[in-house]
Structures are given as C-alpha cells and as structure tokens.
Amino acid sequence: MPGFELFGSAERKEVNDVLENGVLMRYGFDGMRNGHWKAKELEAELQSSFQTKHVHLVSSGTAAVSVALAAAGIGAGDEVIMPSFTFVASFEAIMMLGAIPILVDIDDTLTLDPKAVENAITPRTKAVMVVHMCGSMGNMDALQVICDAHNLVLIEDACQAIGGTYKDKPLGSIGDLGCFSFDFVKTITCGEGGAVITNTNDYYLNADHYTDHGHDHEGSDRGAETHPFLGYNFRISELHAAVGLAQVRRLPEFLSIQKKNYTVLREALSEIAEVNFRRVPDGGEESYAFLNFFLPDLEIARKASKNLKDAGIDACFHYFDNNWHYVRKWNHLKDIKSLFPISAEVKAGLEYLETKAFEQSDHFIGRNISCLIKLSWTEEEVKLRAQKMVTAIQQSLKS
Ligand SMILES: *Cc1c(COP(=O)(O)O)cnc(C)c1O
C-alpha cells in the first residue's frame, strides 16, 4: 500500500514549485504564488478520479472523518454506528464532536455486518460509518437500504481502500460523504493529509468553511470574508498537497502493482486447503492494498502470525492481538480515558461497552491474518515471500 515507497522525482518537482515562490498556504497570496495552486489542482484531480461533484482536502484522514460528520450536522449526543474493527481514528473523530460511537460486529467481509447495524439503530442514531478496511468494502447496497429506511447519513471511511470500486463506483463516492487519508503509510501519501468527497452541495460548503475557521471563501479579499458559522483549522498546506498531486497521478500505476503482487501471494496461499479468503461483496473490486485470509481457529492464527514473523515476513498482522485496530484492546475508549471532562450523556452512551461481547467479530478477527501489499517488491521478492508464507502457514497447521 504505501505510496512513500515510490517517492521520487515527480513528487520533488511539485514540491519545488511551491518552494520557489514560498506560498505554503492554500488560500490567498494570489500575486506571490506564480500560478501555483497545488491544493486546488489536487482537488480537481481527485474529483475526476472519483467521479464526484466535490472534493475538499483536509489535514488528515482523522480530520476528514470528523469534518464529514460535522458537515452532516452530527454532534452532541448523536449516535454514530461504526464497526468493531477499524483504526482508532473512527471513534476519535466521533468523540471529538461530542457524539457517541456505537460499535457493532463485522462479518466475513471484515467490515460492518448490515444485520448488526440494523439491530443497533435507536431514535438517537444519526449516521452509519462504514470503514472499508484493508482494501475491501462493506455491502454498500444493504447499508444504503438501511440508511434510507431510517433517514441516516451514510459515511464511507475509504482511508485504506483508495482505488477500490463497488458496482463500478469508486469507494468513497457512494454514500453521502466519503473520507480518505493521505498519511505516510497510505496508498497515496501527502506526508499528512486527507480528503472529504461528496455530491451534496451543502455538505461540501459546510466542509469548506468548517475546516478554515468558518471562512466563506467568497471574493478575493480573505480579510473581508464573512464567517457564517463556527469553524476550526483542518487545512492542508501547499507542500503536502504538492506531494499528493504527484502521487495521485501515479495511482493507476500503484494499483496495478498492488494487484499484481496480491495475485502472486493469493495464488500461492490458495494451495492450502485450510486457508479461506475474506469475502468481497458482490460487485466489489478490491484495491488490493492487503491480502486477508482466515485460518481454522485462533490458536492456529496466533501460531501462523509468529511463524511468519520468525520467517522474516514483515507487515502481516493478526489484529486480534493488535492495539490499534480491534475493539478488544480499546481500553482507553472503554474506560473513557480523556484529558478533559466528557459529558455525562456520552459517558452514559458508552456504558454498553462494559458488557457487550463481540463474539461474531472475535470469530472473524481471531482467525484473520492481514498482509500489507508493498509497491517496491521485485518479482523475485514476491515469489520468495509467497513460498515462505506457505511454509510458515503449513507449519502452523501441524499440531
Ligand atoms: C489511516 C486511517 C485513518 C486516519 O487517517 P490519518 O490521516 O492517519 O489521520 C482513518 N481511518 C482509517 C480506516 C485509516 O486507516
């Protein structure tokens, strides 16, 4: 997945454009910037790649998720349904707005189980946030039906699945709002950065103003702009956008390398009868950023994870025992460890976490191994890796 592996001359050229005139900010300074508008150009590139009406860049993927929720008017006391398996940014972004994360089970797609979503809906539910984890996606049709029936906002966190599609539509462009991250380890990197995409004009304008202190961005005099509502600063800088601009133009190349490397590893592992691959919803095409598979039980998966490490295979994760991606280890959320007071309403709203068991999620995450697909591997490295993986997994299957 990581675009940083292929950082090179194209990225340096775009950054140098910015360094030449020194305008590091995306807004204003028209006279000084010598025609360079990297953030605007990157937004235009993303708009055409994602076949979406609006794109707004932000400072990170976490900011993107928070801004998407804020743009849809979600805040204090509102419940947002999210999966038990995701990056911690999902609940951070919800908590930041004073809203309440409602964690529900995933299924064999490793994303939201639509039945679990439906069962978690209450009169306070305002949004469903599907997280397209590890290069593949949730069942968007099923989630859309649920959201339509209950008048909920559907937000897609596509931070780990840029380039994947569902029924020929780019992931992120299907729900009401989509979020991307361009942090250092994502498929496309800006160093730090993110984007919110939407086809809804109001959501776009809200995101545009909210991320820049509420500035309306009308007219050419920044000092004279009005502030229709409260905002904050989640701006991307021109330097970061410049890196992303070079990277996004290489996205098709990155995706084809990912697919090629993924296919070699998958074909090798397919020889092992006990290995089952993660289900991709009908009509879905992965981004191939990760290869995900299930082993027969938790103990075998633990053994396999250890054997893979011992064989020198890096970047294969057993998320069941990982701190950052699975509910089992999110004690700082369960115990509400916050620097500042949290409202009584949110505290009460999170009490369910003390008792809720995530048996179905445990069943899948306990047996899952998730291997990052790198862009810089040579053909030989991929072949050798495939062999070593097969051996390590076969060893874990022997009792
Ligand atoms: C990386 C990631 C984020 C957060 O992105 P940052 O740019 O690191 O803030 C959010 N959600 C998912 C699923 C991610 O993988």
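Just follow the structure's listing: the first ligand is 1, and inside any ligand the first atom is 1. Scope of the values below: all heavy atoms of this structure, side chains included, with no hydrogens, waters or symmetry mates. Model, not experiment: these values are computed from the prediction.
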Show me the short polar-atom pairs for ligand 1: any N or O of it lying under 3.5 Å from a protein N or O, with distances only.
residue: ligand 1; atom: 5 (O); partner: S181; partner atom: OG; Å: 3.2
residue: ligand 1; atom: 7 (O); partner: G61; partner atom: N; Å: 2.7
residue: ligand 1; atom: 7 (O); partner: S181; partner atom: OG; Å: 2.7
residue: ligand 1; atom: 8 (O); partner: D183; partner atom: OD2; Å: 2.6
residue: ligand 1; atom: 9 (O); partner: G61; partner atom: N; Å: 3.4
residue: ligand 1; atom: 9 (O); partner: T62; partner atom: N; Å: 2.9
residue: ligand 1; atom: 9 (O); partner: T62; partner atom: OG1; Å: 2.5
residue: ligand 1; atom: 11 (N); partner: D157; partner atom: OD2; Å: 2.7
residue: ligand 1; atom: 15 (O); partner: Q160; partner atom: NE2; Å: 2.8
residue: ligand 1; atom: 15 (O); partner: K186; partner atom: NZ; Å: 3.2

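Looking at W330, Y319, F290, F317 one by one, the single match for ring pair (Phe, Tyr, Trp, His ring centres under 6.0 Å) with H325 turns out to be Y319.
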Compile the donor-acceptor pairs under 3.5 Å between side chains in residues 61-72 and protein atoms, sequence neighbours left out, one pair per line.
residue: S66; atom: OG; partner: A93; partner atom: O; Å: 3.2

Atom pairs and distances, donor-acceptor, side-chain atoms in residues 150-161, under 3.5 Å, two or more places apart:
residue: E156; atom: OE1; partner: H132; partner atom: NE2; Å: 2.8
residue: E156; atom: OE1; partner: G172; partner atom: N; Å: 2.8
residue: E156; atom: OE2; partner: G172; partner atom: N; Å: 3.4
residue: E156; atom: OE2; partner: S173; partner atom: N; Å: 3.4
residue: E156; atom: OE2; partner: I174; partner atom: N; Å: 2.7
residue: E156; atom: OE2; partner: G175; partner atom: N; Å: 2.7
residue: D157; atom: OD1; partner: C159; partner atom: N; Å: 2.9
residue: Q160; atom: OE1; partner: C134; partner atom: N; Å: 2.9

Expected list for residues 113-121: side-chain donor-acceptor pairs under 3.5 angstrom, two or more places apart:
residue: D113; atom: OD1; partner: K115; partner atom: N; Å: 3.0
residue: D113; atom: OD2; partner: Q360; partner atom: NE2; Å: 2.9
residue: N119; atom: ND2; partner: K115; partner atom: O; Å: 3.3

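The local environment of CZ in F87 is crowded, with over 12 non-hydrogen atoms from other residues, nucleotides or ligands closer than 6.0 Å.
Residues D212 and H217 form a side-chain contact, since some pair of their non-hydrogen atoms from C-beta on lies under 4.5 Å apart.
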